[in-house]
Amino acid sequence: MKFLAVHPSPLMYTKVFLRLEPLGLEMIAETARRCGCQVRLIDLQVESHQDLNRLLNDWQPDIVAFSLNYLANVPEVIDLAKAAKDRLPNSFVFIGGHSASFTAEELLEHGEGKIDAVLKGEGESGLPLLLRALKDDRATLHAIPGVVTMNGSGGQPTFIPNLDDLSPARDLIKHRKKYFLGMLDPCASIEFSRGCPWDCSFCSAWTFYGRSYRVMSPDKVVEEMQRIREPGVFIVDDVAFIQEKMGFEIGEALIRKGIRKRYYLETRGDVLLRNKDVFRLWKQLGMSYLFLGIESIDEGGLEKYRKRIDLSRNFEALEFARSLDIMVAINIIADTDWDHERFRVVREWCKEVPEIVNISVNTPYPGTESWLTESRKLTTRDYRLFDIQHAVLPTRMSLEEFYAELIETQRVMFTKHMGWSAIKKLSKNIGGNLLRGQTNFVGNLWKFDKVFNPALQLADHQMPVEYQMKPPVRDTQFASAKALSQSLYVHQPLGRASRQLDDDTEQFVDESRGV
């Protein structure tokens, strides 16, 4: 069977600051290839809808699989899936990915019979079963774990037994030099672990993975790293190096093989403080960027988003990160209740600190606890606006004023780190990229005002809406917090058994969760 994997177009933020290789879809493509399929992959971040149409016409795949990790891509993916079915009526069209797992039934409704199935959970686990059913007995599709069709659902998806069995089909990507993350240009992606044992109210990583946490072995990590040719590498783990032992073992294995890259990774402030020596080692290995999800600069915000780390510890973590002499990036969540003064305070704070500050808008997503508990009513059900750059909750100021303040705050941070004075400081790194023919980062610097524009964001709210999200079912139906959490899970939580954490780390996680 011919299997075509499709990644949708870029979103607002990725049009300027980054463009990441579709690692998850590469994993799915390799899984399909191991099942005996002829496989191709097209990434619409770097190719066009016309390219996709030509591929459908010329190659005529038997199966078309769309990746849907981001909610804002829903309308595009639905339209593309319908068009693929119209073009190839005998093909099997399905959707998978993170956001698809939380919206499966409504995606099928929007598809109007032209989307054959949605595959929930880890695709590498469910895909072989789906492919076998397509070959042997299509009538059993709806009974496969994780598969949802108009005829029914197969129930809870299952985990892939061992992450060491996975590999991405990096060779199927045509334009590898198009992927970058800031000055890491070009940049590949890799995962060392999957899942997150914490339970932040604004995040759906823990509800997707059932609060599990699984790791790849150091040998497998080294094997995958040896296949990466790019000098920059983004470690995509939700929280890097939760366990000190894992961080050391991987780092030491890379040293033995003489592998040195420039790394970008993300972690929590309390993990950074707990495992300082690990991050010192990774600084020696080439860690260039460290992202910390601070989320708020006051205690009230931390409590709201249930980060379960106090403000003083966050600032202590920032101080340690600065001591590593690397680029440190942090995220602040802007609530739609902010007023002019609140934005002004945040801007002044951002000017004073050396970190790169990213600001995102508080957005309740399907699969997050805040989706069910947020008391404010959504002002829109347009999927396209759920990109953490638009306001989907009522704003205290007028929407026009809110966007003006938001963009001004983002512009202050952009100018500080990517304006002319900043570029002069980075000239050596930028020059090196240009000498290698890499222009992604430099070229995108001129796009800020074209992409981040309050008038354009305001106009986005006036777009005709063909596909509307289902509204959240509020928490009044749940008798307890435990029942609420269980209603969100994609993968069945298996407790400690699903977490590859040593006793000390498990205790640390529990204590940081207030258990």
Side-chain angles (χ1 to χ4, degrees), residues 12-13 15-17 182 200-202 269 291-307 309-319 321-322 327-364 370 374-376 379-380 385-423 425 445 447-461:
M12 181 176 170
Y13 190 78
K15 291 178 180 178
V16 177
F17 300 106
C200 298
S201 62
F202 63 89
F291 183 91
L292 289 173
I294 298 295
E295 319 308 352
S296 178
I297 59 173
D298 61 61
E299 294 286 3
L302 291 175
E303 183 177 352
K304 178 182 180 69
Y305 305 123
R306 208 167 63 209
K307 286 295 290 186
I309 176 173
D310 62 47
L311 201 61
S312 63
R313 291 285 282 172
N314 263 342
F315 288 143
E316 183 183 349
L318 279 179
E319 286 295 337
R322 291 165 187 165
M327 297 290 286
V328 180
I330 61 176
N331 184 67
I332 300 293
I333 299 176
D335 193 81
T336 54
D337 192 49
W338 283 13
D339 57 14
H340 294 285
E341 177 61 15
R342 182 60 177 164
F343 272 110
R344 185 195 66 78
V345 168
V346 170
R347 279 196 296 271
E348 291 305 311
W349 184 82
C350 292
K351 290 177 182 177
E352 293 173 2
V353 299
E355 286 75 29
I356 299 171
V357 183
N358 170 62
I359 188 165
S360 57
V361 180
N362 180 20
T363 305
S370 61
E374 172 59 67
S375 60
R376 293 170 291 184
T379 58
T380 178
L385 301 183
F386 283 73
D387 63 351
I388 65 173
Q389 296 299 315
H390 288 82
V392 300
L393 294 170
T395 54
R396 174 180 292 195
M397 301 181 284
S398 70
L399 193 57
E400 183 177 10
E401 291 176 294
F402 179 84
Y403 282 138
E405 289 283 4
L406 177 67
I407 297 301
E408 177 58 25
T409 306
Q410 290 170 323
R411 180 175 287 107
V412 165
M413 296 182 288
F414 177 84
T415 302
K416 176 181 175 182
H417 294 284
M418 297 183 184
W420 282 112
S421 59
I423 289 176
K425 295 179 182 178
L445 292 178
K447 295 181 181 179
F448 181 87
D449 288 327
K450 293 180 180 179
V451 175
F452 290 83
N453 183 312
L456 293 177
Q457 284 181 271
L458 198 61
D460 288 340
H461 288 261

Which heavy atom in [X] sits nearest to a heavy atom in [Y], and how many Å separate them?
X: N453; Y: I407; result: N-CD1, 4.1 Å
X: F402; Y: A391; result: CE2-CB, 4.0 Å
X: L456; Y: K450; result: CD1-O, 3.2 Å
X: V328; Y: R322; result: CG2-N, 4.4 Å
X: Q410; Y: I359; result: CG-CG2, 3.2 Å
X: F202; Y: S370; result: CA-OG, 4.0 Å

Tell me, do [X] and [Y] make a side-chain contact under 4.5 Å, heavy atoms counted?
X: Y403; Y: F452; answer: no
X: L393; Y: N362; answer: yes
X: L458; Y: L399; answer: yes
X: I330; Y: F291; answer: no
X: F448; Y: R411; answer: yes
X: Q389; Y: T363; answer: no
X: M12; Y: Q457; answer: yes
X: M397; Y: F343; answer: yes

*Please step through side chain to side chain contact (heavy atoms under 4.5 Å, CB included) for the pair R376 and D335, ending with a clear verdict.*
CA-CA 12 Å; R376 293 170 291 184; D335 193 81; 2.9 Å; yes
*Would you say E401's side chain and S398's backbone share a donor-acceptor pair under 3.5 angstrom?*
yes
_R342 backbone acceptor or donor facing D339 side chain under 3.5 Å_ = yes
_Between R396 and T336, is the side chain to side chain contact (heavy atoms under 4.5 Å, CB included) condition met? List the steps._
CA-CA 7 Å; R396 174 180 292 195; T336 54; over 6 Å; no
_Nearest 0.5 Å, please: how far is CG in L318 from CG in L292?_
6.0 Å
*Would you find more than 12 non-hydrogen atoms of other residues, nucleotides or ligands less than 6.0 Å from E400 atom CD?*
no
*Just do the side chain to side chain contact (heavy atoms under 4.5 Å, CB included) check on H461 and H390 with the steps written out, would you?*
CA-CA 9 Å; H461 288 261; H390 288 82; 4.1 Å; yes
*Does the side chain of T409 pick up a donor-acceptor pair with the side chain of R344 at under 3.5 Å?*
no
_side chain to side chain contact (heavy atoms under 4.5 Å, CB included) evaluation trace for V361 with I333_ = CA-CA 6 Å; V361 180; I333 299 176; over 6 Å; no
